[in-house]
There are 2 protein chains.
Amino acid sequence: MQLKSLRLFMAVAETGSFVAASQRLHTVQSNVTAHIKKLEEELGAQLIHRNGQARLTSAGYALVEYATRILVAHDEALDLFTRDQGACGRLRIGAMETTMALRLPPILAAYHTAYPEVDITLTTGPTAELTELLRAGEVEGVFVAGRLEHHRYHLLNVFSEQLVLVGPKPMSSMPSSEQWLASTFLAFRQGCSYRQRIELLLASYGINAIRIFEFGTLDAMLGCVVAGMGYTVLPLATVQAHQQRFDIHYLELPKPIADVDTYFATTEPGTWSPALSRFIDTLNDSVSAGCVYGRAQS
Amino acid sequence: MQLKSLRLFMAVAETGSFVAASQRLHTVQSNVTAHIKKLEEELGAQLIHRNGQARLTSAGYALVEYATRILVAHDEALDLFTRDQGACGRLRIGAMETTMALRLPPILAAYHTAYPEVDITLTTGPTAELTELLRAGEVEGVFVAGRLEHHRYHLLNVFSEQLVLVGPKPMSSMPSSEQWLASTFLAFRQGCSYRQRIELLLASYGINAIRIFEFGTLDAMLGCVVAGMGYTVLPLATVQAHQQRFDIHYLELPKPIADVDTYFATTEPGTWSPALSRFIDTLNDSVSAGCVYGRAQS
DNA sequence: CGAAAGCCATCTCATAACATGATAGTTACT
DNA sequence: AGTAACTATCATGTTATGAGATGGCTTTCG
């Protein structure tokens, strides 16, 4: 059975004539005859009466229902891919906790307003986990800190964050080694790229082994900072957004360590679903950002 | 886009391999490549990652939903027509009032029990109207009295009725001409074949013009018979079934006029939908009857 | 009743599409 | 690096398809 045959069949059913059907679908009458005949052979039943006017038989009447379902689904699929604009289905996105909390809401809102038919699934996690999800194809794109290094991905530089050291009291300078050793570093669970930054920073101070406490959510972590449990490192914008609710203080970090770019990473263009394409459009509209490619590396 | 391509695509999606997909659908790997490639060209998006294992891209993931819908509908249609047994959809049947009331219920019940998925639409009317409905394709089969004479139909002799004259009092012989002229003949509306019979009978008595009162339903007609409004002609079985409720009496009519066969008329076999085929099966199971064809006549 | 017009089935032919098998190129794994 | 498994590409024979012409059938109109 061919989609073309079903289209011709429906055209005959609707026009009541083989000739009219052939004209509607820009082909020739003999073609219509051949397709209908083949359909009839496959289904083992005459589909159309040929007594003067072409009317549906009982069997044809029964086929109409299925043909309609098939062709409607086909049309929708074609429309989705070929017609610009419009998206539906599911969109699975991953993001870091901090990005999710601060940067994503307006973008998601804009996207959802524009394409309400898309079901969005959000996953949060540290950069390493997100990268793995993307690699495994369980999400269609992830917001991560720093460039991905494992595969060939399409990277879109969407945000530039400035990391700051966050503590319970005002700080005028970096805590001393003694202070570090006396406190705990609060971080997201393994894989958080911010955490790697602070480890790098501490290493430059000659501090290698510090106590680390891992959190799953931002709020819990900030609560513990306020309680004086230790320090953490977060984007400046995130800290400022939470200073109303938490009595936290920050210290700017040295430039090369402080600057972190957040990328939206996906597989290469051309593999994008319409829903994903539209999301990237929305992203580009929301931020003015450059666009670079990551390269495979062993 | 071809159904074959979608099947291969789904096979690749499910097996995760072009080779496995080709084996599952009994074809060759290069074929799978070609079909997927064509699909990708048509949709303008890469559907499958080929990095070692064949995983769906975001676009492929989006297509799965539509492909599933299309293929499920296709499978159902094929199953419906090719697999024996099973029927669904709609079945539109017409029948005379008397057939509907007495003969059809057990048959419809049996059919509905066997094929609950079929929606049955019943239409009642006199033979002439039913014939027209069948000709116009608005019903798939009709129960009519006597052979259809207009087109080439498939006729199934399902019931043999014996017509009797029905009146309000016991009769030992045919009413006299005076009695006829003094009363009314109660009949279903124009087109009822029983009515034609009585007109034939009366004509043999030399009575041509009698008063006729037309009814739409059996109950109304019987009520009027009881009230002494006139005579009517009905199948013996129908009269006997109603003698509990109505004080009616009957007189047997002369053989050639009394005997009426009820046929189930449909278009020719081969045009039957599965639902209709199953119905005819059920009919054949319910009655032991011969099977004849009506012929076209100008 | 007969002629004409419409409509569909059939046929042929040229072209396009397809399935196949072999081969080359890629990637992942050891 | 070498191997194994996988996919892309190519050449080829076959099939399927679409277009046009023709003929038979039915309906319609004079």
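Chain letters run A, B, ... following the sequence lines, proteins first, then strands; residues in each count from 1.
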(message) Going by side chain to side chain contact (heavy atoms under 4.5 Å, CB included), name the residues that satisfy it together with A/L122, two or more places apart in sequence or in a different chain.
(response) A/I93, A/M100, A/L104, A/L108, A/I120

(request) With sequence neighbours excluded, tell me which residues meet salt bridge (charged side-chain N to carboxylate O under 4.0 Å, His left out) with A/D75. (result) A/R7

(message) Please tell me if B/R50 has a side-chain N or O lying less than 4.0 Å from either OP1 or OP2 of D/dA8.
(response) yes

(request) Verify whether the ring centers belonging to B/F159 and B/Y263 lie closer than 6.0 Å. (result) no

(message) Can you list everything that forms a ring-ring contact (aromatic ring centres under 6.0 Å, His included) with B/F18? Sequence neighbours excluded, please.
(response) none

(request) Calculate the interatomic distance between A/Q29 atom CD and C/dA9 atom P; express it in whole Å. (result) 7 Å

(request) Please evaluate the base of D/dG18 for a donor-acceptor partner in the side chain of A/S30 within a cut-off of under 3.5 Å? (result) no

(request) Using five base pairs at each end, measure the axis-to-axis angle across the helix from C/dC1-D/dG30 to C/dT30-D/dA1 and round it to 10 degrees. (result) 40°

(request) Apply side chain to side chain contact (heavy atoms under 4.5 Å, CB included) to A/S30 and list each qualifying residue two or more places apart in sequence or on a separate chain. (result) A/V28

(request) Tell me, please, which residues at least two apart from B/R50 pass salt bridge (charged side-chain N to carboxylate O under 4.0 Å, His left out). (result) B/E40

(request) Apply side chain to side chain contact (heavy atoms under 4.5 Å, CB included) to B/R92 and list each qualifying residue two or more places apart in sequence or on a separate chain. (result) A/Y61, B/R90, B/T121, B/V139, B/E140

(message) Using a 4.0 Å cut-off on heavy atoms, which residues in residues 1-24 of chain B reach DNA chain D? List them by number, or say none.
(response) B/S17, B/F18, B/V19

(message) Does anything in residues 31-41 of chain B come within less than 4.0 Å of DNA chain D? Heavy atoms only, and list the residues if so.
(response) B/T33, B/K37

(request) To the nearest Å, give me how far apart CG (B/L25) and C1' (C/dC18) are. (result) 16 Å

(message) For the aromatic rings, using the six-membered ring if either is Trp, is the centroid distance between B/F279 and B/Y115 under 6.0 Å?
(response) no

(message) A/D281: which residues meet the salt bridge (charged side-chain N to carboxylate O under 4.0 Å, His left out) condition with it, sequence neighbours left out?
(response) A/R278

(request) Taking salt bridge (charged side-chain N to carboxylate O under 4.0 Å, His left out) as the test, write out the residues that go with B/E42, two or more places apart. (result) none

(message) So, does A/T27 get its side chain near the phosphate of D/dA19, meaning an N or O under 4.0 Å from OP1 or OP2?
(response) yes

(request) Please state how far atom CZ in A/R55 lies from atom P in D/dT26, giving the value in whole angstrom units. (result) 15 Å

(message) Between C1' on C/dA17 and CD on B/E42, what's the gap in Å once rounded to a whole number?
(response) 13 Å

(message) What is the distance, to the nearest angstrom, from the CD atom on B/Q46 to the P atom on D/dT7?
(response) 13 Å

(request) Tell me, please, which residues at least two apart from A/R24 pass side chain to side chain contact (heavy atoms under 4.5 Å, CB included). (result) A/A11, A/E14, A/T15

